[in-house]
*Asks:* 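Here it is: the structure, laid out below.
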Amino acid sequence: MTTSTGGHDLDALYQEIILDHYKNPHHAGLRDPYEAEVHHVNPTCGDEVTLRVHLTDGPDGPVVQDVSYDAVGCSISQASTSVMADLVIGKPVEEALAIHQDFLTLMQGKGQVVPDEDVLEDGIAFAGVAKFPARVKCALLSWMAWKDATANVMEESA
Amino acid sequence: MTTSTGGHDLDALYQEIILDHYKNPHHAGLRDPYEAEVHHVNPTCGDEVTLRVHLTDGPDGPVVQDVSYDAVGCSISQASTSVMADLVIGKPVEEALAIHQDFLTLMQGKGQVVPDEDVLEDGIAFAGVAKFPARVKCALLSWMAWKDATANVMEESA
Amino acid sequence: MEGLLPDLEVVRKDFPILSRTLAGGQPLVYLDSANTSQKPQCVIDRMVDHLEHHNANVARAMHQLGAEASEAFEEARDTVASFIGAPSRDEVIFTKNASEALNLVANTLAWAEGDWSSRVGSLGAGDEVLITEMEHHSNIVPWQLLTQRTGATLRWFGLTDGGELDLSDLDSLITERTRVVSLTWVSNMLGTVNPVAEIARRAHEVGALVVVDASQAVPQMPVDVVASGADVLVFTGHKCVGPTGIGVLWGRREVLDQLPPFLGGGEMIETVRMEGSTYAGIPHKFEAGTPPIVEAVGLGAALEYLRDLGMDRVAAHEQAITRYALDGLATVPGLRVMGPTDPAVERGGAISFELDGVHPHDIAQVLDSRGVAVRAGHHCARPAHARFGVQSSTRMSSYLYTTPQEIDALVEALEYTRSYFRLGQ
Amino acid sequence: MEGLLPDLEVVRKDFPILSRTLAGGQPLVYLDSANTSQKPQCVIDRMVDHLEHHNANVARAMHQLGAEASEAFEEARDTVASFIGAPSRDEVIFTKNASEALNLVANTLAWAEGDWSSRVGSLGAGDEVLITEMEHHSNIVPWQLLTQRTGATLRWFGLTDGGELDLSDLDSLITERTRVVSLTWVSNMLGTVNPVAEIARRAHEVGALVVVDASQAVPQMPVDVVASGADVLVFTGHKCVGPTGIGVLWGRREVLDQLPPFLGGGEMIETVRMEGSTYAGIPHKFEAGTPPIVEAVGLGAALEYLRDLGMDRVAAHEQAITRYALDGLATVPGLRVMGPTDPAVERGGAISFELDGVHPHDIAQVLDSRGVAVRAGHHCARPAHARFGVQSSTRMSSYLYTTPQEIDALVEALEYTRSYFRLGQ
Ligand SMILES: Cc1ncc(COP(=O)(O)O)c(C=O)c1O
Ligand SMILES: Cc1ncc(COP(=O)(O)O)c(C=O)c1O
């Protein structure tokens with residue numbers, strides 16, 4: 001019945017890449033300009049993120065010009081926020097949404113999904129998190145916030 | 001754990017006296033005059049009784065001049081109403097209340113109490129009912145109604 | 001006999017209580033399943049395994065036991081969702097019983113806002129709530145409280161002499177003023193099966209919210225919430241071979257999203273500040289506090305058991321036994337069944353009857369002395385009894401473990417009752 | 001070590017889950033009992049026996065199984081009444097958990113009538129409800145809903161830096177406007193034991209209703225409802241070695257009689273007519289529908305188990321272990337306990353702490369990898385966390401089965417956590 005894993009897997013969860021992003025988060029802080037700001041909470045533990053997105057027009061549709069944030073949370077949620085910002089900033093929104101979907105699939109795969117390093121880059125370090133159901137929510141918090149904020153901007157401009 | 005009893009005790013429950021009162025209830029019907037009327041219900045089964053009391057002044061305090069009633073219910077509740085009316089009509093309220101108490105003690109005694117025939121007369125036939133917890137409520141319905149009605153009159157006149 | 005569950009004797013072995021003997025060595029003939037059903041060993045075992053090996057609080061716990069308990073609990077939600085064909089697992093709310101589920105809707109509607117454009121809104125004078133005369137008290141009193149508190153009006157469908165809904169004044173009952181229609185799918189007293197989809201269709205034409213009490217339907221027949229037409233549908237665990245302490249409220253997401261919170265507390269929140277709080281999405285919004293965890297696990301096992309038997313076969317068994325019982329009861333002099341008796345009419349397994357000259361209490365007592373367990377009283381359906389001019393009735397109710405021999409035992413015990421009370425032919 | 005339960009190893013054998021091993025063969029070190037407690041075999045066995053041999057619906061059934069089930073259910077009510085010193089068994093209401101019990105009071109007060117002359121009345125603008133900043137969300141959100149809905153004002157006691165109620169502004173908080181004071185006896189986050197009797201005395205001077213959340217008190221210490229000064233006191237079964245799905249609301253008869261009904265339905269009625277209904281007396285008035293029967297039976301067995309151990313000794317054990325834990329935690333560099341740490345001050349067994357440089361989630365995760373189960377988050381007490389300027393914390397909570405060796409394992413695991421995250425001395 002159990003799908004959670006024991007001590008020997010701790011290193012699978014806390015990959016060096018994750019701990020590095022945790023100690024030195026990329027793109028942290030709230031910046032101007034932005035078109036949407038959202039606030040997401042993990043009700044179980046109280047982790048929170050305030051996140052802003054700034055989109056600009058590109059040749060093939062909108063582009064993620066900037067993602068800035070203020071987040072309180074555990075190593076997994078903080079590192080995930082940092083990796084997410086790395087992955088989506090500078091990408092066309094459409095491509096960024098596809099990356100979001102890939103990350104979601106990885107996280108919900110209960111450890112059975114093999115991630116594509118070309119797409120997810122540092123994000124592949126989260127493959128181990130998928131084996132810890134209680135932590136999946138941590139890894140997804142800011143991704144969900146980003147998607148929400150982006151959807152808000154797209155709706156406004158639609 | 002069980003205190004209910006099986007088929008062999010059916011005759012202990014349905015004493016001839018009870019069946020007789022059931023078939024020919026004494027003092028049935030609603031009559032004038034009366035000082036208080038109450039309506040009591042057994043919420044579990046829906047049995048109901050409407051009951052009136054008529055008290056008069058006696059040398060040593062009030063006397064139960066009449067008890068009249070309209071009752072719908074099972075053999076136990078109908079017979080108990082009939083026996084109750086027999087027992088209290090004509091008695092000083094104080095004595096009637098003492099009889100009420102004796103009947104209550106018998107009913108709540110789980111079959112361990114030996115009734116006093118001099119006091120309870122036909123009421124002793126209910127000794128077997130005390131062994132059937134689900135039926136105790138039936139036997140007490142009209143006794144409770146009578147007590148309630150009597151208390152109402154006493155309060156009014158106090 | 002056609003329609004009976006194959007391997008009925010094997011099925012009966014799944015239920016430990018059925019081999020119990022009563023006072024005087026009488027075997028148990030349990031014909032009170034509409035009141036509560038018996039539990040198969042697999043349900044009990046699953047609960048024991050949970051308590052002995054996986055017990056922890058759910059959602060809140062980050063440790064292995066917590067993950068196991070949460071998984072077991074949420075798996076039960078998946079099982080319920082698939083059992084009733086819920087479009088989304090999030091639409092399945094665990095309550096303590098069917099009564100709480102019905103009250104949840106009625107109680108929160110007192111505080112709801114909106115214009116009813118999507119079947120939720122605020123209620124006031126001029127608005128109507130429509131129920132039926134055959135409802136269980138748990139689907140009457142909540143609406144009485146709601147209408148008393150909001151100034152809305154309570155109306156109801158009457159019943160025909162045959163125990164069916166009197167739909168002749170449908171057009172005057174379902175009108176533009178109707179905001180809520182709440183009705184039972186299968187009557188727990190009369191056994192009547194109501195045309196819920198048809199009534200839901202009519203109710204939706206006027207924009208009313210449709211609440212279906214499926215407490216007696218889910219145990220007995222295949223239920224698909226979407227096909228039922230309901231906006232909200234409730235049932236209770238203990239009547240479908242699950243434990244007490246658990247009920248289910250299914251509701252369309254749009255409806256549940258609009259209803260204000262019911263109980264406030266742990267797990268139903270998003271953020272709590274002393275000055276005010278925001279609430280979680282469904283299902284958590286309606287599950288304040290520690291939920292009935294081991295009970296959900298037990299209910300999950302119960303519905304798996306029913307699924308494995310096959311609800312079509314459970315329904316066929318129920319119908320076969322009910323038909324056999326109606327035939328048997330017809331042989332008892334002075335016995336009158338309330339509710340549908342026409343073999344052509346689909347009906348549920350609850351059969352309430354009167355026996356001339358003996359009060360239901362006395363019938364139940366004599367039956368009990370022979371090990372036959374039935375219910376006597378108004379079965380929490382006093383208005384339906386009043387409709388038929390009786391104070392109370394005797395009810396037999398069968399289930400998937402009931403045998404024709406048990407029905408024979410009932411009929412014999414009724415004959416014995418008549419002779420015990422010296423009734424002539 | 002003084003104060004420990006004699007025969008602790010024997011007591012532990014009563015709890016099957018305690019001999020479980022986790023992933024990697026780790027033994028379980030369960031330090032999450034404030035979240036939910038583990039269950040002794042006798043509780044599980046009593047529930048199984050009930051389900052296998054005595055299952056039936058209560059109150060409504062007239063047959064032998066029904067009589068047995070009713071008797072077992074009502075015996076549980078007697079056990080609860082005597083365990084908490086209730087003046088009358090009728091004042092003991094079974095709910096589904098503590099959260100429902102608190103909501104029952106807050107929800108019905110929205111509809112109550114009267115002038116508060118006997119501590120129940122109608123609420124409106126100008127009236128105040130007083131809680132505290134250390135409440136569990138289940139004792140905050142219901143009062144937010146009530147005050148929002150009635151126009152009354154919600155106020156609260158703040159906390160001192162030491163984690164106690166700040167009583168310095170007691171006189172400005174408890175005033176003629178105060179209608180309800182609801183507070184926890186023992187904090188589930190800080191472990192603080194509040195002076196409920198003293199606060200009740202003050203509240204009664206202004207005629208306010210006093211509600212005590214004893215969810216963390218009943219498991220840990222002898223509780224006498226009369227001595228507590230409460231008008232209403234609630235607790236939850238699963239935290240005192242009982243099952244989920246059952247909670248208790250005790251209330252003084254006078255108060256319960258005045259509160260309007262909460263859930264409407266089966267068993268809470270006297271007479272139902274379509275036009276209107278009358279209600280049963282307590283306790284049934286507040287127990288609509290099929291109650292949590294097997295859960296009540298389990299709770300009865302649980303309280304008998306605690307009674308047989310002796311609540312004085314359970315309390316002494318909790319205090320000894322808590323003291324030992326506070327001493328052990330004090331040796332961990334960078335660890336800060338929130339709540340009372342002074343050995344002279346009585347406190348409950350929940351100890352929440354921060355560890356510099358590691359987030360509570362990460363602490364709980366590393367601890368879990370060593371079999372040590374604690375809780376990380378806000379423990380449904382977000383305002384109290386905000387008060388201490390933190391988002392979340394790690395909480396260990398012991399119970400009667402906790403050993404000093406388990407505390408040692410916790411402290412070692414915390415040291416390991418520090419080294420895992422490469423924190424220096
Ligand atoms: C102090 C306190 N109050 C209330 C509750 C709520 O109890 P339940 O979740 O069983 O309703 C809890 C536990 O979660 C608690 O610790
Ligand atoms: C038709 C119907 N509705 C509602 C209920 C209430 O179910 P519960 O008592 O489990 O809340 C019942 C059973 O008692 C029922 O038969």
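On a predicted model such as this, the values are computed, not experimentally measured, just so you know. So you know, we letter chains A, B, ... as the sequences are listed, proteins then strands, and number each from 1.
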*Asks:* Going through the distances and angles, do I269(C) and H137(D) end up as a side-chain contact (heavy atoms from CB on, under 4.5 Å)?
*Replies:* CA-CA 8 Å; I269(C) 54 92; H137(D) 294 164; 3.7 Å; yes
*Asks:* F15(C) versus chain D, heavy atoms under 4.5 Å apart: side chain, backbone, both or neither?
*Replies:* neither
*Asks:* Who pairs with T278(D) by side chain to side chain contact (heavy atoms under 4.5 Å, CB included), at least two apart in sequence or on another chain?
*Replies:* E270(D), T271(D)
*Asks:* Under the rule for side chain to side chain contact (heavy atoms under 4.5 Å, CB included), what residues qualify as partners of T147(C), not counting sequence neighbours?
*Replies:* V129(C), A152(C), L154(C)
*Asks:* How long is the straight-line distance from CG of L102(C) back to CG of L263(D), given to the nearest 0.5 Å?
*Replies:* 10.5 Å
*Asks:* May I ask you to decide whether K96(D) forms a salt bridge with E295(C), counting only side-chain N to carboxylate O separations under 4.0 Å?
*Replies:* no
*Asks:* Applying side chain to side chain donor-acceptor pair (under 3.5 Å) between N57(C) and each of N35(D), T244(D), D32(D), report the one that passes.
*Replies:* N35(D)
*Asks:* Please determine which of R20(D), Q38(D), H238(D) meets the side chain to side chain donor-acceptor pair (under 3.5 Å) test together with N55(C).
*Replies:* Q38(D)
*Asks:* With only heavy atoms counted, which part of Q144(D) is less than 4.5 Å from chain C, the side chain, the backbone, both or neither?
*Replies:* side chain
*Asks:* Has E275(D) got more than 12 heavy atoms of other residues, nucleotides or ligands less than 6.0 Å from its CD?
*Replies:* yes
*Asks:* Picking from Q41(C), R273(C), R149(C), which has the most non-hydrogen pairs under 4.5 angstrom with chain D?
*Replies:* R149(C)
*Asks:* So C380(D) and E267(C), do their side chains get closer than 4.5 Å, heavy atoms only?
*Replies:* yes
*Asks:* If I measure from the heavy atoms of chain C, does A98(D) come under 4.5 Å with its side chain, its backbone, both, or neither?
*Replies:* neither
*Asks:* Can you say whether N107(D) sits under 4.5 Å from chain C via the side chain, the backbone, both, or neither, judging by heavy atoms?
*Replies:* side chain
*Asks:* Between H63(D) and Y30(C), what is the ring plane arrangement, given parallel below 30°, perpendicular above 60°, and tilted in between?
*Replies:* perpendicular
